[in-house]
There are 2 protein chains.
Amino acid sequence: MSSFDNLKSIGLKATLPRLKILTLFEESKKRHLTAEEVYKTLTDEGLEIGLATIYRVLTQFEQAGLLIRHNFDQGKGTFELTSSQHHDHLVCTKCGHVEEFFDNEIEKRQTDIANKLGFEITDHSLNLYGECKNPAECKNNK
Amino acid sequence: MSSFDNLKSIGLKATLPRLKILTLFEESKKRHLTAEEVYKTLTDEGLEIGLATIYRVLTQFEQAGLLIRHNFDQGKGTFELTSSQHHDHLVCTKCGHVEEFFDNEIEKRQTDIANKLGFEITDHSLNLYGECKNPAECKNNK
DNA sequence: GTATATGCAAAACTTTTGCATCCTT
DNA sequence: AAGGATGCAAAAGTTTTGCATATAC
């Protein structure tokens with residue numbers, strides 16, 4: 001499905017800002033972006049777009065299930081395309097590089113624990129913070 | 001060790017604001033507090049204390065290892081006393097109640113995964129979000 | 001007495017909102 | 001043409017900082 005149809009299917013008009021933002025997430029090497037990063041990238045490409053629009057669109061995309069919001073850092077949201085497969089994250093505190101992983105056993109135990117404690121889980125976030133062991137790769141992904 | 005000695009041992013002067021803040025965490029029923037909650041609680045007790053001081057002290061306590069900072073919500077830090085035993089959190093999205101848990105198997109698998117992916121873990125955060133099943137308790141812990 | 005800590009006000013930073021204008025359908 | 005979307009500027013919420021004053025040792 002094209003980005004254009006993608007927008008229509010969630011009931012949003014296919015405007016230039018929305019198309020550009022969605023395409024950025026689909027084609028960027030960096031899968032995890034903050035509002036500020038989206039703004040800077042698009043502005044650098046010569047697109048005239050307001051930061052307020054970025055925030056509005058990111059929120060709409062999140063509500064439509066197109067994007068997921070993470071709170072890797074204090075006081076700053078990071079977004080990524082919702083992928084078919086849920087996953088958790090390793091975040092390098094040196095260079096900001098984000099790696100993804102999935103572990104079925106961890107998922108299962110989370111559910112068990114929530115059940116035992118009388119919670120109905122709607123969501124969860126598991127982030128491992130540390131340092132890439134490879135300094136070269138660390139730099140490249142900054 | 002008293003709060004007083006506790007402060008001295010980390011090289012901080014035992015001032016009234018610091019003593020009050022530390023004591024609050026030690027004696028409060030609510031183990032997880034934001035800067036604003038600390039401010040409001042102490043102000044309500046009649047203590048004249050600036051919000052800036054709260055932030056400075058919380059940061060110092062965190063750096064000294066006395067408190068841990070969590071990012072349960074977007075854009076707002078939550079602090080708790082560092083306890084002898086590391087643990088993770090369930091957060092009720094309805095009432096804000098926070099429950100703690102520890103699972104050795106999850107911990108172990110996290111380490112394994114990080115090793116496999118070439119990360120050296122310095123920290124991690126696992127938060128399960130959902131709803132308390134008991135509405136009564138939910139309200140009481142608000 | 002000296003160094004450190006505090007309070008206040010102002011500023012920084014991220015995110016949201018009001019409103020006039022513009023664009024998609 | 002009509003409703004929704006955008007851009008700008010102002011505002012809101014959290015956290016930080018500069019500086020004069022106050023406090024701990």
Side-chain angles (χ1 to χ4, degrees), chain A residues 2-24 32-43 45-64 66-79 96, chain B residues 2-24 32-43 45-64 66-79 96:
Chain A
S2 70
S3 298
F4 188 90
D5 295 329
N6 227 331
L7 288 176
K8 306 304 272 306
S9 73
I10 57 176
L12 294 176
K13 288 185 179 171
T15 62
L16 192 62
R18 286 183 182 143
L19 285 167
K20 287 291 187 182
I21 291 172
L22 186 50
T23 304
L24 174 58
H32 305 80
L33 301 166
T34 64
E36 193 64 44
E37 285 170 336
V38 171
Y39 177 69
K40 192 170 183 321
T41 304
L42 295 182
T43 297
E45 285 179 9
L47 187 63
E48 291 200 8
I49 189 169
L51 189 51
T53 300
I54 308 272
Y55 277 103
R56 274 185 292 235
V57 171
L58 290 178
T59 301
Q60 290 162 343
F61 284 2
E62 185 196 6
Q63 283 164 357
L66 233 54
L67 294 179
I68 298 182
R69 176 199 300 262
H70 301 291
N71 296 312
F72 294 149
D73 309 309
Q74 126 169 157
K76 192 160 44 172
T78 304
F79 295 81
Chain B
S2 71
S3 298
F4 189 90
D5 294 330
N6 226 329
L7 288 176
K8 307 305 274 306
S9 73
I10 58 175
L12 295 175
K13 286 185 181 173
T15 63
L16 192 62
R18 286 183 183 144
L19 284 167
K20 287 290 186 183
I21 292 172
L22 186 50
T23 304
L24 174 59
H32 304 81
L33 301 166
T34 63
E36 194 63 44
E37 286 170 336
V38 170
Y39 177 68
K40 191 169 184 324
T41 305
L42 295 182
T43 297
E45 285 179 9
L47 187 61
E48 291 200 9
I49 188 168
L51 188 51
T53 299
I54 307 272
Y55 277 103
R56 274 185 292 235
V57 171
L58 290 177
T59 301
Q60 290 162 342
F61 284 3
E62 185 197 6
Q63 282 164 357
L66 234 54
L67 295 178
I68 299 183
R69 175 199 301 262
H70 300 291
N71 297 312
F72 294 150
D73 309 308
Q74 125 167 162
K76 193 160 42 173
T78 304
F79 294 82

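Just so we're on the same page: letters track the sequence lines, and every chain starts at 1.
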Exercise. A/Thr53 side chain to A/Ile49 main-chain N or O, any donor-acceptor pair under 3.5 Å?
Worked result: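 No, because the side chain of A/Thr53 does not come within donor-acceptor range (under 3.5 Å) of the backbone of A/Ile49.
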
Exercise. Is a side-chain donor or acceptor of A/Ser9 paired with a backbone partner of A/Asn6 at a separation under 3.5 angstrom?
Worked result: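 Between the backbone of A/Asn6 and the side chain of A/Ser9 there is a qualifying donor-acceptor contact (under 3.5 Å).
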
Rounded distance in Å - [atom1] ([X]) to [atom2] ([N]):
X: B/Arg18; N: C/dT4; atom1: CZ; atom2: C1'; answer: 8 Å
X: A/Asp73; N: D/dT15; atom1: CG; atom2: C1'; answer: 15 Å
X: A/Leu7; N: D/dG4; atom1: CG; atom2: P; answer: 17 Å
X: B/Ile54; N: C/dT6; atom1: CD1; atom2: P; answer: 10 Å
X: A/Lys20; N: C/dC23; atom1: NZ; atom2: C1'; answer: 17 Å
X: A/Tyr39; N: D/dC8; atom1: OH; atom2: P; answer: 8 Å
X: B/Gln60; N: D/dT15; atom1: CD; atom2: P; answer: 16 Å
X: A/Asn71; N: C/dT15; atom1: CG; atom2: P; answer: 9 Å

Just to be sure I understand the rule, does [X] reach a base, reach only the sugar-phosphate, or reach nothing, if contact means heavy atoms closer than 4.0 Å?
X: B/Lys76; answer: sugar-phosphate
X: A/Ile49; answer: sugar-phosphate
X: B/Glu36; answer: nothing

Could you tell me which non-hydrogen atom of [X] sits nearest to which non-hydrogen atom of [Y], and how far apart they are?
X: B/Glu37; Y: B/Leu33; value: OE1-CA, 3.2 Å
X: B/Lys13; Y: B/Arg18; value: O-NH1, 2.9 Å
X: B/Tyr39; Y: B/Gly50; value: CE1-C, 4.1 Å
X: B/Ile10; Y: B/Ala64; value: CD1-CB, 3.6 Å
X: B/Leu12; Y: B/Phe61; value: CD1-CE1, 3.9 Å

Problem set entry | Degree of bending, the helix from C/dG1-D/dC25 to C/dT25-D/dA1 (end axes from five pairs; round to 10°) |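 Axis-to-axis angle, ends of the helix: 30°.
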
Exercise. Distance check: side-chain N/O of A/Thr15 vs OP1/OP2 of D/dA5, anything under 4.0 Å?
Worked result: no

Problem set entry | Selection from C/dT24, C/dT6, C/dA5 that lies nearest to any side-chain heavy atom of A/Lys13 | C/dT24

Exercise. So which nucleotide from D/dC25, D/dT6, D/dG3 ends up closest to the side chain of A/Val57?
Worked result: D/dT6

Polar atom pairs between nucleotides 16-22 of chain D and protein, under 3.5 Å, N or O only, would you list them?
unit_1	atom_1	unit_2	atom_2	d
D/dG18	O6	B/Arg56	NH1	3.3

Seminar exercise, completed: Sorted by chain and residue number, the side-chain hydrogen bond (donor to acceptor under 3.5 Å, both in side chains) partners of A/Glu36 (sequence neighbours excluded) come out as none

Problem set entry | 5' priority, DNA chain D, between B/Leu16 and B/Gly77 [closest heavy atom] |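 Looking at DNA chain D, the more 5' nearest nucleotide goes with B/Gly77.
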
Problem set entry | Given DNA chain D, 5'-ward residue of the pair A/Leu12 and B/Thr34, judged by closest heavy atom |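 Its nearest nucleotide being more 5', the pick is A/Leu12.
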
For this session: Would you mind reporting whether A/Gln60 and A/Leu66 have side-chain heavy atoms less than 4.5 Å apart?
Result: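 SC-SC contact between A/Leu66 and A/Gln60 ruled out.
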
Exercise. Would you say A/Leu47 and A/Thr43 make side-chain contact, with heavy atoms under 4.5 Å?
Worked result: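 They are not in side-chain contact.
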
